[in-house]
Participant: 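Sharing a structure with you now.
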Amino acid sequence: MRAYLFHMVSVMLLTSSAVWAQSSSDNRVGLKTDWSVFVEPDPKECWAVAAPKKTVNTKDKRVVSVKRSDILLMVTYRPTEKVNGQVGFTGGYPFAEGSAVDLNIDGTKFQLTAVGEWAWPESSDADVKVVAAMKRGKSAVLSARSSRGTITKDTFSLLGFTAAVDDAAKRCSN
């Protein structure tokens, strides 16, 4: 797990380019219902990404308004780094140190390891299981705690997920 987390942190800057591109670039190559597909040519990187359909922020069990940057759920492919279907989530704020992000896909539960503003499954094997559950599911709910103690609950539609992730995988298959 340590090696995987080290790898996740080391590619955080590369993944940040995906967030930037999702919000301000014209390299979107596909739209599959609620999911978009992006391709970055050099180095080759492909990803399927979505923003939440619903967000709820609470503190002391009361709904609160908070400022968050981009909130995204994505699956990334980087053939030069042998990254094949890496699940990533950014909540738009720094997660509480030592905390985890809970992922619930239609009742199937996973835990993501949080580092800074990003969270990932603990291994590439876990990525495979999460992607398989997302392909079968209708929605994904991610619950987390910010460094300021706010509890967030972000709900993502999985409509178009399978088509988007398959498209991204195909575009980065060589």
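Just so it is clear, the values below take in all heavy atoms, side chains as well, and ignore hydrogens, waters and symmetry mates.
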Participant: Is there a side-chain contact (heavy atoms from CB on, under 4.5 Å) between T55 and I71 once you walk through the steps?
Facilitator: CA-CA 9 Å; T55 298; I71 306 163; 4.2 Å; yes
Participant: Can you measure from NZ (K59) to CZ (R148) and round to the nearest 0.5 angstrom?
Facilitator: 8.0 Å
Participant: Give, for atom NZ of K54 and atom CZ of F156, the distance between the pair rounded to the nearest 0.5 Å.
Facilitator: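 Reported value, rounded in 0.5 Å steps: 13.5 Å.
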Participant: Looking at T58 and K61, would you say the former's side chain and the latter's main chain have a donor-acceptor pair under 3.5 Å?
Facilitator: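 No; zero donor-acceptor contacts below 3.5 Å.
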Participant: Flag the pair L142 / L73 as yes when at least one side-chain heavy-atom distance between them is below 4.5 Å, and no otherwise.
Facilitator: yes
Participant: Could you give the distance from CG (N104) to OG1 (T155), rounded to the nearest 0.5 Å?
Facilitator: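 Rounded to the nearest 0.5 Å, the CG-OG1 separation comes out at 9.5 Å.
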Participant: So that I can tick it off, tell me whether D166 and R171 are bridged by a salt bridge, with the cut-off set at under 4.0 angstrom between side-chain N and carboxylate O.
Facilitator: no
Participant: Side chain to side chain contact (heavy atoms under 4.5 Å, CB included) with S157: which residues, sequence neighbours excluded?
Facilitator: D34, K53, L159
Participant: Answer whether the closest heavy-atom distance between the side chains of Y77 and V83 falls below 4.5 Å.
Facilitator: no
Participant: Pair L112, W120 - check side-chain contact (heavy atoms from CB on, under 4.5 Å), show working.
Facilitator: CA-CA 5 Å; L112 309 182; W120 303 272; 5.8 Å; no
Participant: Assess the side chains of T150 and Y93: does a donor N or O sit below 3.5 Å from an acceptor N or O?
Facilitator: no
Participant: Residues in salt bridge (Lys or Arg N to Asp or Glu O under 4.0 Å) with D102, at least two apart?
Facilitator: none
Participant: So, taking the atom named CD in E45 and the one named OG1 in T76, what distance separates them when rounded to the nearest 0.5 Å?
Facilitator: 6.0 Å
Participant: Is there side-chain contact between V75 and W47, with at least one heavy-atom pair below 4.5 Å?
Facilitator: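 No; the side chains remain at least 4.5 Å from each other.
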Participant: Are V115 and L72 linked, directly or through intermediate hydrophobic residues, by side-chain heavy-atom contacts shorter than 4.5 Å (ILVMFWY only)?
Facilitator: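 Result: yes, single cluster for both.
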Participant: Answer with yes or no whether the side chains of R78 and N84 bring together a donor and an acceptor at under 3.5 Å.
Facilitator: no
Participant: Taking atom types as modelled, find out whether R28 and S36 have a side-chain donor-acceptor pair closer than 3.5 angstrom.
Facilitator: yes
Participant: Any sub-3.5 Å donor-acceptor pair from N57's side-chain atoms to S65's backbone N or O?
Facilitator: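 Pair absent, no side-chain N/O of N57 close to backbone of S65.
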Participant: With no hydrogens and no angle check, is any side-chain donor or acceptor of D127 less than 3.5 Å from a backbone partner on V87?
Facilitator: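 Looks like yes, one N/O pair under 3.5 Å.
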Participant: Under 4.5 Å between any side-chain heavy atoms of F89 and L103, yes or no?
Facilitator: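 No - every pair of side-chain heavy atoms lies 4.5 Å or more apart.
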Participant: Counting C-beta onward and ignoring hydrogens, is there a side-chain heavy-atom pair between R145 and F95 closer than 4.5 Å?
Facilitator: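 No, too far: nothing below the 4.5 Å cut-off.
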Participant: Using side-chain contact (heavy atoms from CB on, under 4.5 Å), reason through R68 and T152 one step at a time and then give a plain yes or no.
Facilitator: CA-CA 10 Å; R68 295 166 70 182; T152 61; 3.6 Å; yes
Participant: Rounded to the nearest 0.5 Å, how far apart are OG1 of T33 and CG of L31?
Facilitator: 7.0 Å
Participant: About how many Å separate CZ of R136 and CG of L158, when rounded to the nearest 0.5 Å?
Facilitator: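 Reported value, rounded in 0.5 Å steps: 11.0 Å.
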Participant: Applying disulfide bond (SG atoms under 2.5 Å apart) as the test, list every pair that has at least one member in residues 42-120; sequence neighbours left out.
Facilitator: C46-C172
Participant: For K135, I'd like to know if atom NZ has over 12 heavy atoms of other residues, nucleotides or ligands within 6.0 Å.
Facilitator: yes
Participant: Using 30° and 60° as the class limits, which term best fits the ring planes of F161 and W35: parallel, tilted or perpendicular?
Facilitator: perpendicular
Participant: Do you know which two heavy atoms are closest between A164 and V37, and how far apart they sit?
Facilitator: O-CG2, 3.5 Å
Participant: Check the pair V39, N27 against side-chain contact (heavy atoms from CB on, under 4.5 Å), reporting the backbone distance first and the verdict last.
Facilitator: CA-CA 6 Å; V39 174; N27 64 348; 5.9 Å; no
